[in-house]
Number of protein chains: 2
Amino acid sequence: MRQTKRDELVEKATAIFYRNGFQATGMDRLVAETGISKTSIYKHFETKDDLIVATLKSRDAFLRGWLFGRMAELTSSPREQLIAMFDALHEWFNEPDFHGCMFAKASSEYQDPEHPINREATDHVARISAQLAEIAEKAGLNHPSELARQLALLKEGAVVLATMGRGGSPALDAKAVATKLVEEADPDK
Amino acid sequence: MRQTKRDELVEKATAIFYRNGFQATGMDRLVAETGISKTSIYKHFETKDDLIVATLKSRDAFLRGWLFGRMAELTSSPREQLIAMFDALHEWFNEPDFHGCMFAKASSEYQDPEHPINREATDHVARISAQLAEIAEKAGLNHPSELARQLALLKEGAVVLATMGRGGSPALDAKAVATKLVEEADPDK
DNA sequence: CATTAGGTGTACTGATCGGTAAACCCTGTC
DNA sequence: GACAGGGTTTACCGATCAGTACACCTAATG
């Protein structure tokens, strides 16, 4: 019942795809870097695309778990969590192996909205937005869904600029804007 | 002196790469869809990467020209232009052949910061930020460079959500935030 | 001991990749 | 009328692509 080999494969493949890109990573390279035979890989996944989808599911669980977990670590107040998200992002951007958002890359490389890989990517951003809206609601702020959309906007923009920008601290720029937005959505004036 | 054939190639290749992705588009397909022979292509460009860089330069000139041109059409006031950018973006997102930002895709597919294709992509966002800062300065607003960074944040976030989001109007969400930011940067309180 | 499940290595398939070679075909200009 | 530049077609190169076939190994279970 242990499916450790499959898990090991997904975990290693996630890292390799993230670092190296999807189309740019051949199956032979995957074999070489994971030490798992191609036969074995294709016993667990019918196609490369299936494997990619699995890595995205894994990454989605990890990333959302980490982000919202870190926000909860930083503060227990839902209202402050919305702002603390940008501190968490700041930490993420400054990790030495930060290479942008894996889902943005996936969506770039597989543009067809019908493609399961693209679906997985758009699912990820939808889930993040939904969680933000939930927190905004819990915080009792005005127009929680509008606020969540705006915070998502800032979050995605910060990721892009952290990836493609030249220096600076986009997460902190975003935090400044987010702070204003949250203050304005405060029902107590 | 006429380099019409080269221009025709770059123009057609830009559209194909934008619609189809870079790595996913083979040279044979480029030949088939442009009607230009491979020999001819390689007489103008040493490698596929060189051609890609040329398409990015072309797209950069077109996109920035269109965006800032449209902003100027919508209003002559620099201050209002900063806000009108999001109306222009809204128009762009709703064009039937909108497929996201070509430079984000380029940066996704060629992650190495030393790679000329990645450089071209980061150059593009840097140029946009610089132009925004220039306009903010001209508008006489407070902290123009900070404001420009925040507007760039909103712009990139809107592009991502327009590409990967599910419906909604991210450009208009961003416009609402941008309006507040510009108002707050007004030196006359 | 026999069976079975999960793993391995090696070798291979046909297709496609980026890029090249060579012969030819116009259309202008000296 | 010779020549040259820019274009064409066709065929090809070695490398790599995703995916498969097959024989073998090993450890747990009956």
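Chain letters run A, B, ... following the sequence lines, proteins first, then strands; residues in each count from 1.
For A:Lys43 and A:Gln23, each mapped to the nucleotide of DNA chain D holding its nearest heavy atom, the one lying further toward the 5' end belongs to A:Gln23. Along DNA chain D, the nucleotide nearest A:Arg29 and the nucleotide nearest B:Gly35 are compared for position; the residue whose nucleotide lies closer to the 5' end is B:Gly35.
Counting only distance, with no hydrogens or angles, the side chain of B:Lys48 and the backbone of B:Phe22 share a donor-acceptor pair below 3.5 Å.
Between A:Ser40 and C:dT8, a side-chain N or O to OP1/OP2 separation shorter than 4.0 Å is present.
Rounding to whole angstrom units, CG of residue A:Asp50 and P of D:dA18 are separated by 14 Å. If you take NE2 of A:His44 and P of C:dG6, they are 8 Å apart, rounded to a whole angstrom. Rounding to whole angstrom units, CD1 of residue B:Ile41 and P of C:dG19 are separated by 11 Å. In this structure, A:Lys38 atom NZ and C:dC12 atom C1' are separated by 10 Å, rounded to whole Å. The distance between atom CG of B:Leu9 and atom P of D:dG6, rounded to the nearest whole Å, is 15 Å. Straight-line distance from the CG atom of A:Asp28 to the P atom of D:dA18: 7 Å, rounded to whole Å. Rounded to whole Å, atom C1' of C:dG7 lies 16 Å from atom CZ of A:Arg6. Across the protein-nucleic acid pair, A:Glu109 atom CD and D:dA18 atom P stand 12 Å apart, rounded to whole Å.
Contact detail for A:Ala185 and A:Leu147: the closest heavy-atom pair is CB-CD2, 4.2 Å.
Residues A:Lys138 and A:Gln81 bring no donor and acceptor atom of their side chains to less than 3.5 Å of each other.
One finds a salt bridge joining B:Arg166 and A:Asp123 here, because a Lys/Arg side-chain nitrogen approaches an Asp/Glu carboxylate oxygen to under 4.0 Å.
Donor-acceptor pairing under 3.5 Å, judged by distance alone, is absent between the side chain of B:Thr39 and the base of C:dT20.
Among C:dT8, D:dG19, C:dG18, the nucleotide with an atom closest to any side-chain atom of B:Lys48 is C:dG18.
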